[in-house]
Amino acid sequence: MSRLRRIAQASSRDLMILAAVVTVLGLIPLGVSRFTLSVATTALIFALAGIGWNVLSGFAGQFSFGHAAYFGLGAYTVAVTLTEFSISPWVGLIVGGVIAAAFGLLTGWISFRFGLKGAYFALATFALAEMLRLTFNNLDYVGAGIGITIPLAGGDDWGRIQFEDTPSLQYWVLLGIVAVSLVAVIAITKSRLGSTMLAVREDEDAASSLGINPLRAKMAAISISGFITALAGGYYTQFLLFIDPDLAFGPFVSVAILLRPIIGGVGTIWGPVLGAAILSVLGEVTRSLVREPPSFLQVIEGVNGLDQVLFGLILVLVIIRAPDGVLGWFRRRRQRSAV
Amino acid sequence: MSSILSVRNATKRFGGLTAVDNVSLELGQGEILGIIGPNGAGKTTLFNLISGAMRPDEGEVVFDGERIERMPPHLIAGRGLVRTFQVVKPFSGLTVFENVMVGAFLRRPDPLESEAHALSMLEFTGLIPSADRPAKGLTLASRKRLELARALATDPRVLLLDEVLAGLTPTEGAEMVEVVKSIRDGGVSLLVIEHVMAAIMALSDRIAVIHHGELLAIGKPAQIAKDPRVVEAYLGEEFQIAPD
């Protein structure tokens with residue numbers, strides 16, 4: 001217990017930042033339309049998934065290109081436990097997290113035990129996510145390609161995590177889950193576990209020469225990572241009230257998950273949240289630009305898919321300017337001025 | 001003197017090459033044992049066998065009464081036998097302080113305790129001014145100090161130093177020699193690979209000479225310097241090439 005208290009002590013600065021960030025994010029629903037709120041909720045769901053990705057790929061340095069696997073397992077667990085067994089999604093979220101963590105441990109053990117690293121590990125994670133997508137696409141028990149629809153509870157229902165009358169609540173509950181996950185990540189970064197993950201990311205031989213078991217560090221990272229990303233997937237089901245194999249396990253889901261921490265700052269505490277904020281603002285700006293362009297750009301009005309092209313272009317520019325994300329860019333500038 | 005580390009008849013072959021050939025050594029408690037020999041003599045391979053990075057084909061390694069030659073490196077380090085690398089391996093994406101924290105955490109799960117310990121190791125190695133710098137920007141001398149600070153932070157009982165003086169200026173080298181001496185005075189036994197003759201002669205209690213993978217001679221520095229086999233195999237050779 002005293003160790004936990006010491007970790008909390010060491011984290012006090014980050015916990016204060018967290019309080020500020022949560023307060024600001026918590027104010028969003030007060031002044032926006034229902035549509036903007038749903039954009040913000042989606043952003044937060046993928047921020048949460050990115051927080052999970054960042055534990056394995058950012059801190060422990062094992063680049064995953066298939067986090068849709070955990071996202072989808074979380075999403076389907078919530079759907080199946082509710083529709084088949086009438087289990088509350090609260091329980092479903094936790095069970096989904098545990099299943100995803102177990103999946104991570106099993107597949108991670110096989111991959112790491114046989115020394116998969118870098119691009120090969122990334123490909124393995126991609127293949128595993130695709131394998132799950134194809135399996136669920138053909139599994140009648142989970143609705144195969146049609147997917148699963150969550151029955152409406154009607155009105156606000158805390159047990160079912162459905163807030164038809166007060167959609168802000170859905171956002172705030174999610175924000176609470178994000179906050180708890182961030183507390184966990186902050187604690188990890190201040191603890192021995194976080195230090196061993198960083199060491200393994202930087203140099204496995206040096207890490208083991210200092211008494212670190214690299215396999216164990218990676219296994220810890222993959223299970224925590226899978227758990228958090230599965231929470232995001234489970235909440236996604238609750239938000240859409242629907243899930244199908246593409247929404248759960250599709251390759252674009254994996255990309256959407258890893259893009260946020262990469263834009264915000266890989267291996268930083270705040271990167272995934274910052275990246276999610278940047279990407280959703282950017283997405284909305286390009287969309288509205290194409291919908292209602294200024295007069296000198298009339299030609300682009302309503303051109304199908306142009307907003308996505310713009311989005312992609314700006315993304316490429318950002319990545320060229322800041323390959324280690326916005327926070328990484330700031331850190332490098334600070335270090336340069338310090339030296 | 002009771003020995004804390006024994007290498008018994010260790011042999012390691014790479015294909016047709018016998019890199020370490022039937023080598024036996026004892027490292028006494030609190031001793032500094034220097035290991036010298038020409039490039040390619042098998043010194044670093046011997047370190048790899050002791051630290052668990054490689055397994056010997058034959059022979060055994062006993063640390064504090066326990067056979068360790070089949071253990072993975074992290075378990076050996078966990079028991080208190082820690083090495084540094086000839087080609088230093090700093091965690092370059094981390095700051096100097098974070099590097100040393102990795103070592104400090106090994107025996108101190110409490111983050112504040114390990115922080116205090118890491119700081120005292122940085123102070124001991126003179127790295128406090130660079131504590132918050134990224135490790136990748138350090139000079140070679142500082143990277144070598146960092147390698148040492150990180151290893152020391154694990155509270156080793158035996159430390160294997162692989163050429164911590166190589167590439168340092170004479171001043172930097174002299175400072176490093178003092179650091180190594182005070183590590184021994186702190187109760188750590190050391191196995192030291194070194195090419196800088198003057199330093200290793202002054203530093204070591206005994207010296208082992210490795211040549212073509214075999215233990216050519218072992219004894220007090222003064223004896224080794226006079227040993228005709230050693231002079232022929234190594235020291236003579238050393239004078240033909242430019243000294244470090």
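Throughout, protein chains are lettered first and strands after them, A, B, ... in sequence-line order, and every chain is numbered starting at 1.
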A.B. asks: Within residues 198-211 of chain A, which positions have a heavy-atom distance to chain B below 4.5 Å?
C.D. replies: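 The residues closer than 4.5 Å to chain B, in numerical order, are A:L198, A:A199, A:R201, A:E202, A:D203, A:D205, A:A206, A:A207, A:S208, A:S209, A:L210, A:G211.
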
A.B. asks: Should we count CZ of B:F14 as having more than 12 external heavy atoms under 6.0 Å?
C.D. replies: yes

A.B. asks: For the side chain of A:R192 and the backbone of B:L106, is there at least one donor-acceptor N/O pair under 3.5 Å apart?
C.D. replies: yes

A.B. asks: At a heavy-atom separation under 4.5 Å, does B:S51 approach chain A through its side chain, its backbone, both, or neither?
C.D. replies: neither

A.B. asks: What residue in B:A151, B:P156, B:P111, B:G103 has the most heavy-atom pairs under 4.5 Å with chain A?
C.D. replies: B:P111

A.B. asks: Between B:R79 and chain A, with a heavy-atom cut-off of 4.5 Å, which part of the residue counts as in contact: side chain, backbone, both or neither?
C.D. replies: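 Nothing of B:R79, per the 4.5 Å heavy-atom cut-off to chain A.
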
A.B. asks: Heavy-atom distances under 4.5 Å only: say whether B:F85 touches chain A with side chain, backbone, both or neither.
C.D. replies: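 The answer is the side chain of B:F85.
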
A.B. asks: Please identify each residue that fulfils side chain to side chain donor-acceptor pair (under 3.5 Å) with B:E172, with sequence neighbours left out.
C.D. replies: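 Applying side chain to side chain donor-acceptor pair (under 3.5 Å) to B:E172 gives B:T169.
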
A.B. asks: Please name all residues satisfying side chain to side chain donor-acceptor pair (under 3.5 Å) with A:R260, sequence neighbours left out, ordered by chain then number.
C.D. replies: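 Partners of A:R260 by the side chain to side chain donor-acceptor pair (under 3.5 Å) criterion come out as none, since no residue qualifies.
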
A.B. asks: Go through the structure and list residues passing side chain to side chain donor-acceptor pair (under 3.5 Å) with A:N54, not counting sequence neighbours.
C.D. replies: none

